[in-house]
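Accompanying notes for the structure given below.
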Amino acid sequence: MDNSAKHLLQRLVRRIPVSMLKSTLDKWERLTAEKRKSLDFTQSKWIITQELVALYITENPNQGMWHTFQLVEPEDDAHSVELMQFKELFKSHLRELQRNVSVKIKKHTDQAVWIRVAWGDGLSSPNHLKATYVVLYLQTPYVFVNALSSKHKPLLLQALTLSTRHQQIKAANLSGQKLTALRDLLMRQYQQVKLRVEKVQAEASANRHRMARETFGDGMLPALQSAVFKLETKFKGPTNEAMTQRDEPFICSVKFSSSNLLESLRHCASSGIASTPVTPMLSSIPLKGRNYFVITDNVLTA
Amino acid sequence: WNAERRRRRRRRRRPRRRLVSSFCYCLLFSSELWSVNRAWRGLAKGTLSYVTPLYQFRHTQLKSYSRQLSAFIAAEKQEGLAVEVGGLQNTFKVSFSVLRFRQEDPPKTVWCGWLSCINGNPEYLQSLPKDFTCLPLFCSKGAEDLSSLVKSWLQRTFDCCFGPLDINQTTLQWLAALWTNCHMETNIQNLKMIWTLPVLPPLQVTYTVDSDDVLDLWRSTRESSAEKSREAEDEVCIDFSEVTRFMQGLMSHFYRHFRVDLSAGELNQVSSALGSAKVNGKIKISSSRYLISIFSLLTECALLKMPI
């Protein structure tokens, strides 16, 4: 809604008697019944005008210029931020930065959180006709902003970052008039990223299972109960220089035991407890048909 | 006695030397008593439980308690609750004062146990109401039915309750480090650790390291920390971060060979020639070295496990 339309609306509301305001709006039919119900006609006309403007904008979001921002570096609890918590945090952060500010937050049916911020300076009360609108979806990192002046930009961005439990926010280089288009573009991309991650994980799991079966076999395995490795190799530890430089071997022995050792080892491989591909130390058990090994440095490198 | 102080956490305050009653005296007397009467060795073995604070326990009443417990066991026996005392059918002696052990070698000990509190958390101890004595660590060795009888008597006499003490991973790791440290003075022969991995069927990994090699590893993890390891008999300070690095060294050597991550499993048992400890509370201590530290750790375990 551009400024001239807003002023027109303001003048109209001022001229229409209060008693006729409700019925006039009903006839106007530009607002849904639900939204009309939410208007409180006992308030001053000035406030009613502001509400009307806000309602109009939320109903017709594809106007004005929307700019997109992306929240980055989430804190540990970023994923569990829910609406009530966000509302409180956002309001308190913003009020700390600018005292004379009016904030209204509402969640729409499509999970979008709409925020209307009316800015006032030291002398004047918050101006709702020149309010900034913010739309965000709590479980995604994207934020859409409309009508934000450069003066208020750092304040709003800081409040958003803190209340969504992230460390930074950056411009996403995506702007346009149609909020719905911007949103759809990003949500689809976001869905794709999530799906790709799930796909990679599923592939990794399938790989592990395959390698476990290839190494140890399918189905029922012979119920071998133990395997012993006598290790006479030099110490191997990534962070311990003193021990790695030692010439003498680190003498130890390892015994694996289970009611069915091969099944246990296969499960280790498929569940990721044993890294795949399975080390020759373990695969030697089924491949060579042995369960007693003496491992020296020569044997290991072979 | 010469207390061996272990600074375990950076923010831990020096615990007040809170004196504990009766049973514990025997264990606080360090090496002197130990070497004098080797009968003590048998005591440091058994199954551990935690016990909630005892109401109106008076260490001046030990003789009376002995008589009461004796009568209680005899009465339960008569009621047919089978108590096999192997030969000693009618004469049944219950001895409550540990100091007595100095003078007489018991003819045949069929059961023994102890209650103890070593270096218990002073804040907790001070928070207890006046009439309560806190001896949270209970060890019993002997016939299971006798253990139940004794516990049952203690419960009804002092309004306390018992529960199994699971020795946690942290304590087991501490014991591994402490026993390894002991190898500088006493041959521990080897350090044995048993892990269980959560697969089907469960996989047990027994990892035994030669004593000299494990000591070298332990020393190398200590040298990298700011404090040089002091070899004075009575004053050794070990930080838990050193214990963690030590365990990580062991696990990474294991990983480099088997590519199996032991930290995905649970450490169930640690043992050496100096003793053994299992996660189910079974403990055996064969040397008096670091006894205070070990019992301090176990006391802490017991206090953590307590429901109140």
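When reading the values below, keep in mind they use all heavy atoms of this one structure, side chains included, and skip hydrogens, waters and symmetry mates. From a predicted model like this one, the values you see are computed outputs, not experimental measurements. Within every chain, numbering begins at 1; the chains are lettered A, B, ... in the order of the sequence lines, protein sequences first and strands thereafter.
The closest side-chain heavy-atom distance from A/Val143 to A/Leu136 is below 4.5 Å. The closest side-chain heavy-atom distance from A/Leu160 to A/Leu156 is below 4.5 Å. B/Arg259 has its side chain within reach of A/Pro277: a pair of non-hydrogen atoms, C-beta onward, lies under 4.5 Å apart. Put simply, the side chain of B/Asp166 does not reach to within 4.5 Å of the side chain of B/Asn168, judged on heavy atoms. For the pair B/His257 and A/Phe229, the minimum side-chain heavy-atom distance is 4.5 Å or more.
Between chain A and the residues B/Phe258, B/Tyr255, B/Phe254, B/Tyr207, the most heavy-atom pairs under 4.5 angstrom are made by B/Phe258. Note: A/Ser257 leads A/Ser257, A/Cys268, A/Gly272, A/Ser271 in heavy-atom pairs under 4.5 Å with chain B. Counting heavy-atom pairs under 4.5 Å between each of B/Leu250, B/Val214, B/Val205, B/Asp212 and chain A puts B/Val205 at the top. Each of A/Ser258, A/Ala269, A/Pro249 has some count of heavy-atom pairs under 4.5 Å with chain B, and the biggest count is that of A/Ser258. The residue among B/Leu191, B/Thr206, B/Asp210 with the most heavy atom pairs within less than 4.5 Å of chain A is B/Thr206. Note on A/Asn260, A/Ile251, A/Thr279: by heavy-atom pairs under 4.5 Å with chain B, the leading option is A/Ile251. Between chain A and the options B/Asn190, B/Val209, B/Asp261, heavy-atom pairs under 4.5 Å are most frequent for B/Val209.
Of residues 193-204 of chain B, those residues with a non-hydrogen atom less than 4.5 Å from any non-hydrogen atom of chain A are, in numerical order, B/Leu197, B/Pro198, B/Val199, B/Leu200, B/Pro201, B/Pro202, B/Leu203, B/Gln204. Contacts of residues 203-227 of chain A with chain B at a heavy-atom distance below 4.5 Å are absent; not one residue qualifies.
Classification of the B/Trp218-B/Phe246 ring pair by plane angle, with boundaries at 30° and 60°, yields perpendicular. Aromatic ring orientation, A/Phe90 versus A/Phe86: parallel (interplanar angle below 30°, classes split at 30° and 60°). Ring orientation note: the planes of B/Phe138 and B/Phe162 are nearly perpendicular, at an angle over 60° on the 30°/60° scale.
Within 6.0 Å of CZ in A/Arg290 there are more than 12 heavy atoms belonging to other residues, nucleotides or ligands. In A/Asp76, the CG atom is not crowded: 12 or fewer heavy atoms of neighbouring residues, nucleotides or ligands sit closer than 6.0 Å. Other residues, nucleotides and ligands contribute at most 12 non-hydrogen atoms within 6.0 Å of the NZ atom of A/Lys153. Annotation for A/Glu232: atom CD counts as buried by contact number, over 12 foreign heavy atoms lying within 6.0 Å.
Looking at every heavy atom in both residues, B/Leu165 comes nearest to B/Leu298 through CD2-O, 4.2 Å.
Residue A/Pro280 does not touch chain B at all, counting heavy-atom pairs closer than 4.5 Å. At a 4.5 Å heavy-atom cutoff, the contact between A/Arg246 and chain B is made by side-chain atoms alone.
In summary, A/Lys234 and A/Asp297 do not engage in a salt bridge, as defined by a charged side-chain N under 4.0 Å from a carboxylate O.
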